[in-house]
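A short write-up of the structure that comes next.
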Amino acid sequence: MWAFHCPQTPQLPPHSSSRLLPPSKPPICCLSLNPSSTSTISKNNNNHMNNGRIQSLCKQGHLKQALQLLSAEPNLNQLTYELLLLSCTRHHSLSDARSVHSHLVDNGFDQDPFLATKLINMYAELGSIDHVRQVFDKTRNRTIYVWNALFRSLTLAGHGEEVLDLYRRMNRTGIPSDRFTYTYVLKACAASNCSSSLLNRGKEIHGHILRHGYDVNVHVMTTLVDMYARLGCVTYASVVFREMGVKNVVSWSAMIACYARNEMPFEALELFREMMIETHDTDPNSVTMVSVLQACAALAALEQGKLLHGYILRRGLNSILPVISALMIMYAKCGKLELGQRLFDQMDKKDVVSWNSLISSYGVHGFGEKAIQIFEEMINRGVSPSPISFISVLGACSHAGLVEEGKRLFESMRRDHKVLPGVEHYACMVDLLGRANMLEEAAKIIEDMRIEPGPRVWGSLLGSCRIHCNVELAERASKRLFKLEPTNAGNYVLLADVYAEANMWDEVKRVRKMLEARGLQKIPGRSWIEVKRKMHSFVSVDEFNQQFEELHAFLLKLCSEMKEKGYVPQTKVVLYDLDEKEKERIVLGHSEKLAVAFGLINTSKGETIRITKNLRLCEDCHSFTKFISKFANKEILVRDVNRFHHFRDGVCSCGDYL
DNA sequence: CTAGGGTTAG
């Protein structure tokens with residue numbers, strides 16, 4: 001039904017329709033106003049000089065002098081006000097903006113929708129959202145430009161929900177949206193913190209877009225892909241993407257980024273390949289490369305990553321900072337820390353993200369002291385640490401068990417660097433203390449938090465409780481977590497792990513029932529390995545895999561040999577109360593061990609094995625792999641869902657903190 | 001006044 005909208009083609013009136021609006025006349029007469037034949041000019045003749053002088057002072061950046069003329073000049077025209085407002089924006093001066101605004105009000109220009117748009121954009125730029133709302137509220141003639149300016153400002157300031165409410169209001173007034181409106185409201189849907197109601201709003205807007213024929217607009221459709229991507233609806237995103245008639249490099253990049261962001265790195269690489277093969281006029285650019293590199297990093301696909309590096313060099317994209325950061329991280333996560341360091345050393349310009357990338361590179365490899373050292377060097381070079389610098393360095397402390405250093409850095413962040421701790425930082429601290437078995441202190445940190453502890457924080461605590469088998473605290477943390485993210489299966493599994501460790505089998509059963517009752521299930525374990533530039537995939541106890549028999553026999557033999565040398569299967573990871581032999585059989589069928597076996601058979605002597613997993617590495621696979629790295633003298637790299645393990649000579653870079 | 005990207009983590 002066309003309740004409030006008329007079906008219309010997206011052809012739009014030129015922006016300047018209301019540009020030369022005389023201040024006090026009602027807007028209706030302005031719509032057909034011909035800019036070249038208006039009374040405005042003759043009216044302005046007598047002060048034409050002052051307008052001209054103020055305008056040129058604005059253009060030259062002399063805002064203060066322009067403002068001095070302003071006080072003695074009541075007859076300014078629209079263009080002069082526009083230039084004054086732009087100049088205030090450029091000078092970041094809210095007080096000057098206020099005085100130009102009130103001058104404009106005094107002279108009856110405050111109902112000019114063109115200037116209202118400019119005022120809104122200016123206040124948004126100056127960070128004063130209250131003034132944005134005020135201008136909007138006082139503007140009676142709300143053209144689509146005025147609405148769009150409001151939506152844009154509120155969206156950029158993170159007031160997504162408010163935009164969606166206002167969008168409803170606009171629809172009720174009967175003003176049709178244009179292509180800009182759609183991009184802003186879609187962004188507002190995506191920018192708000194994920195909730196299912198937002199997804200419904202997004203779908204509703206999607207419907208409006210189709211009904212009004214805007215599905216031919218590349219910008220609108222790309223934003224739609226991105227919205228679904230950010231809300232985690234990969235399927236919707238890909239349907240929209242596939243049905244787009246015209247795609248450009250931005251649309252392709254948005255879809256590739258969607259896969260990379262939603263833990264589907266395979267699909268990201270596959271789509272990239274498709275883009276390379278099937279499009280003739282859309283070459284990937286630096287933005288595309290960044291997402292593809294992330295996918296390689298997630299898969300620890302070093303060979304693919306090296307090919308991309310070559311391509312980046314050939315295309316001359318190798319001096320773009322985001323590309324280099326992404327390359328550094330890719331190399332680090334593929335176990336080639338020194339290659340990332342070399343890239344860093346060769347950069348002639350570095351920004352804070354380059355530094356952060358290096359810090360976290362050392363962090364994931366378990367080199368905590370080195371990470372701190374780089375962090376300090378960054379500060380000494382005059383680069384201010386960002387919130388993420390602290391997450392990176394605190395994460396590194398936590399991996400390396402550097403409790404005191406971590407505390408010291410946490411205290412310095414607000415005091416010395418004016419960085420306010422966010423939930424992520426608290427999560428790092430909880431992790432740091434929790435891993436070091438200072439669980440009470442970790443719980444205390446949460447109690448003392450001034451902001452609402454999110455799922456990350458409670459998740460850190462639960463994770464630590466699992467390591468140190470603290471049933472009581474684990475129950476407290478999971479209670480909160482089940483409320484905050486009821487559909488995250490991982491939390492239930494963690495709690496069940498704690499109970500199993502404590503031999504509380506009835507409780508294990510109870511948690512499993514909770515999972516089932518909510519229609520959730522443990523995600524089946526899956527591992528990938530790159531051999532000769534090809535990825536091979538394994539599922540736990542995968543009888544359908546053609547090589548399963550061979551691999552399983554190989555593992556059985558290996559296992560018994562290792563047992564003689566002291567390997568003890570960690571069967572407690574099996575969450576069923578079965579007998580020991582059966583448990584051993586189950587853990588030996590874990591996908592990661594199949595991948596390790598495949599790697600041992602199919603790689604040459606000095607070659608590193610690189611494996612990726614969709615879940616956390618289980619304790620048995622971890623100790624098994626540690627053992628093998630010594631026993632078979634193999635370097636093995638495993639990329640977890642949330643961590644990175646570099647096994648060498650019987651030890652792991654994670655320091656046994658899974 | 002429109003669209004895509006870097007560093008983080010249980």
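The basis for the numbers below is simple: all heavy atoms, side chains too, and nothing from hydrogens, waters or symmetry mates. Chain naming here is simple, since letters A, B, ... match the order of the sequence lines and numbering starts at 1 in each.
Each of B/dG5, B/dT8, B/dT2 was ranked by its minimum atom distance to the side chain of A/Asn217; first place goes to B/dT2. Comparing atom distances between the A/Leu481 side chain and each of B/dA3, B/dG10, B/dT8 picks out B/dG10 as nearest. Residue A/Asn356 has its side chain nearest to B/dT7 when only B/dG4, B/dT7, B/dA9 are considered. Comparing B/dG10, B/dA3, B/dT8 by their closest approach to the side chain of A/Thr223 singles out B/dA3. Among the nucleotides B/dC1, B/dG4, B/dG10, the one closest to any side-chain atom of A/Asp178 is B/dC1. Nearest to the side chain of A/Val218, among B/dA3, B/dT8, B/dG4, sits B/dA3. Distance from the side chain of A/Arg230 is smallest for B/dG4 among the nucleotides B/dT8, B/dC1, B/dG4. The side chain of A/Ser360 lies closest to B/dT7, out of B/dG4, B/dA3, B/dT7.
If you measure from atom CG of A/Asn491 to atom C1' of B/dA9, you get 13 Å, rounded to the nearest angstrom. Remark: P of B/dT8 and NE2 of A/His399 are 10 Å apart, rounded to the nearest angstrom. B/dG6 atom P lies 14 Å from atom CD1 of A/Ile320, rounded to whole Å. Atoms CG (A/Leu327) and P (B/dT7) sit 12 Å apart, rounded to a whole Å. Put simply, CG on A/Leu394 is 15 Å from C1' on B/dG10, counting in whole angstrom units. In this structure, A/Asp497 places its CG atom 13 Å from C1' of B/dG10, rounding to the nearest Å. Spacing between atom CG of A/Leu439 and atom C1' of B/dG10 amounts to 14 Å, rounded to whole angstrom units. In this structure, A/Phe644 places its CZ atom 12 Å from P of B/dA9, rounding to the nearest Å.
Between A/Arg466 and A/Glu501 there is no salt bridge, since no side-chain N of the basic residue sits under 4.0 Å from a carboxylate O of the acidic one. Using a 4.0 Å cut-off between charged nitrogen and carboxylate oxygen, A/Arg273 and A/Glu270 count as a salt-bridge pair.
Here A/Lys187 reaches the OP1 or OP2 of B/dG4: one of its side-chain N or O atoms lies under 4.0 Å away. Residue A/Arg261 places no side-chain N or O under 4.0 Å from the OP1 or OP2 atom of B/dG4. Taking 4.0 angstrom as the limit, A/Gln294 places a side-chain polar atom (N or O) nearer than this to OP1 or OP2 of B/dG6. In this model, the phosphate group of B/dC1 is not approached by any side-chain N or O of A/Arg179 to a distance below 4.0 Å at OP1 or OP2. Under 4.0 angstrom from either OP1 or OP2 of B/dA9 there lies no side-chain N or O belonging to A/Arg616.
Between A/His365 and A/Phe367, the ring-plane angle classifies as parallel under the 30° and 60° cut-offs. Taking the six-membered ring where the residue is Trp, A/Phe390 and A/His417 present tilted rings, their angle falling between 30° and 60°.
You can call A/Phe180 stacked on the base of B/dC1; the centres are under 5.5 Å apart and the planes sit within 30°.
A/Tyr167 and A/His208 share a donor-acceptor pair across their side chains, judged by distance under 3.5 Å alone. Side chains of A/Tyr182 and A/His219: a donor-acceptor N/O pair is absent below 3.5 angstrom, by distance only.
Scanning atom types as modelled, one donor and one acceptor separated by under 3.5 angstrom connect the side chain of A/Asn285 and the base of B/dG4. Scanning atom types as modelled, one donor and one acceptor separated by under 3.5 angstrom connect the side chain of A/Glu485 and the base of B/dG10. A/Ser325 contributes a side-chain N or O that forms a donor-acceptor pair with the base of B/dG6 under 3.5 Å.
Residue A/Val220 is classed as having no contact, given no heavy-atom separation below 4.0 Å to the nucleic acid. Contact annotation for A/Glu125: no contact, since no heavy-atom pair falls under 4.0 Å across all strands. Looking at heavy-atom distances under 4.0 Å, A/Ser398 makes no contact with the nucleic acid at all. Within the nucleic acid shown, A/Asn148 comes within 4.0 Å of at least one base atom, counting heavy atoms only. Across all strands, A/Ile388 comes closer than 4.0 Å to base atoms (heavy-atom distances). As judged by a 4.0 angstrom heavy-atom cut-off over every strand, A/Ser389 is placed among residues making no nucleic acid contact. A/Val323 comes within 4.0 angstrom of no nucleic acid atom, judged by non-hydrogen atoms across all strands. If you check every strand for non-hydrogen atoms under 4.0 Å, A/Tyr184 touches a base.
The cationic group of A/Arg152 does not satisfy the cation-pi geometry with A/Phe180, failing either the under 6.0 Å distance to the six-membered ring centre or the 45° limit from the ring axis.
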